[in-house]
Number of protein chains: 2
Amino acid sequence: MKTTLDQIVVEARELFRERGYAGASMQDLAERVGLKKASLYTRFPSKEALVEPVLALTLEETFADLDDDANDWLGSYEAVLKRIAAALTDRARCVGLHLAYGVQADAPDALSAVRKYFAALRDGLAAILKHPLSTKRATTVATDALVRLEGATLWTVIANDPQPMQRALKALIAEARALNASP
Amino acid sequence: MKTTLDQIVVEARELFRERGYAGASMQDLAERVGLKKASLYTRFPSKEALVEPVLALTLEETFADLDDDANDWLGSYEAVLKRIAAALTDRARCVGLHLAYGVQADAPDALSAVRKYFAALRDGLAAILKHPLSTKRATTVATDALVRLEGATLWTVIANDPQPMQRALKALIAEARALNASP
DNA sequence: TGAAAATACTACCTACCGGTCGTTATTATG
DNA sequence: CATAATAACGACCGGTAGGTAGTATTTTCA
């Protein structure tokens, strides 16, 4: 009857995504994974400790199976952007954004996990953009791309409307293609 | 010793902004306004009922003192965008976004208040953009502008970095100016 | 000024929160 | 197969959540 850590992390992510950090309860999580609440504490020392693995999993999924082919940076970039956009669209909300807004100073480990997560996302995108751009410019463009996609989740959340996300994605890809022409 | 409704709404907004819907407590709110918790309930029937006036106030501030001058739609548009960006930057978070993510189906009145708030924001921007654009296109452009600014709050929250917001603002204004040249 | 209405208070309710206790059942390893 | 480690459990802790009852105080207005 051993429940895997992954199951717990996946369900915790879903819960954080739906209800945010404050709104998610260990009781709810226990029920989702078919355990009693006390049993969760044999796996994770606290609610706060769930945040890091939740975001690590998400980050891993985002950059899985990406070959850093210098000759096809544009393909890699498009692929990652599409992957991020797809994840944000089909779950409506972004776990990371929900946690970024919801995690407070009284959960310092969670706070630093959130910061590391977004820094890693940005750096992952920037690494691809370093092929046509300077390091500094790559970071800027990556940051702007990321916040643009994240912002579009507002409309998926309140109106269940994926179109702003699609338009943002299209615009970002067009900008990247333009970089290829004039660096 | 009468506390004004406005004081309560302003403090509630601050609390929702900082902690989100689930994370904000009536006890905290009471302390902020210098009342006992029970006294809040003589003014508002529930926590949920705070959401609508909080967003109404924010909306009102956003569009205050704007003359809809057809000859200077660009000036009005820039002014509103700057106002939104400034509010998002100096409070780091956006109340509306925090509530959009945090309000759940079990708070239906709050949910519809959030939806109305963002629809009104979009419509307010779209009304200005109807001068150079078709109704349909104005709505699209307004929506995209809004989500772009909102997305930039991610970086103000996690890194206390206002630059993505400034860049988004600049880009949006540039796009609007381009509209003026080629409609 | 006096009474109605609005506001505030103390005290309390039930439900749930994150987390811990001591104990039992399961699993891995020698 | 024994044993140690891991994982699961029921019961419980103090604290706090949203909200209410009943009462006292203040404000409003005729």
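All chains are named by letter (A, B, ...) in the order of the sequence lines, taking the proteins before the strands, and each is independently numbered beginning at 1.
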Phosphate contact ([N] OP1 or OP2) by [X] side-chain N/O below 4.0 Å:
{"X": "Lys2(B)", "N": "dT27(D)", "result": "no"}
{"X": "Thr3(A)", "N": "dA7(D)", "result": "no"}
{"X": "Arg43(A)", "N": "dA8(D)", "result": "yes"}

Interatomic distance where [atom1] belongs to [X] and [atom2] belongs to [N] [whole Å]:
{"X": "Phe44(A)", "N": "dT6(D)", "atom1": "CZ", "atom2": "C1'", "result": "15 Å"}
{"X": "Glu48(A)", "N": "dG18(C)", "atom1": "CD", "atom2": "C1'", "result": "12 Å"}
{"X": "Leu5(B)", "N": "dA6(C)", "atom1": "CG", "atom2": "C1'", "result": "11 Å"}

Summarise protein proximity over nucleotides 10-18 of chain D in one line of letters, 5' to 3': B for base, S for sugar-phosphate only, - for none, counting protein heavy atoms closer than 4.0 Å.
B------SB
Could you pull out all donor-acceptor pairs under 3.5 Å where a side-chain atom in residues 38-45 of chain A meets a protein atom, sequence neighbours excluded?
| residue | atom | partner | partner atom | Å |
| --- | --- | --- | --- | --- |
| Thr42(A) | OG1 | Ser39(A) | O | 2.7 |
| Arg43(A) | NH1 | Thr3(A) | O | 3.1 |
| Arg43(A) | NH2 | Thr3(A) | O | 2.4 |

Does a side chain donor of either Glu11(A) or Gln7(A) reach within less than 3.5 Å of an acceptor in the other side chain?
no
What pairs of residues pass the ring-ring contact (aromatic ring centres under 6.0 Å, His included) test when at least one of them lies in residues 103-134 of chain B, not counting sequence neighbours?
none
Selection residues 137-170 of chain B - residue pairs positive for ring-ring contact (aromatic ring centres under 6.0 Å, His included), sequence neighbours left out:
none
For Tyr21(A), all residues meeting ring pair (Phe, Tyr, Trp, His ring centres under 6.0 Å), sequence neighbours excluded:
Phe16(A)
Using the test ring pair (Phe, Tyr, Trp, His ring centres under 6.0 Å), find all partners of Tyr77(A) that sit at least two apart in sequence or belong to another chain.
none
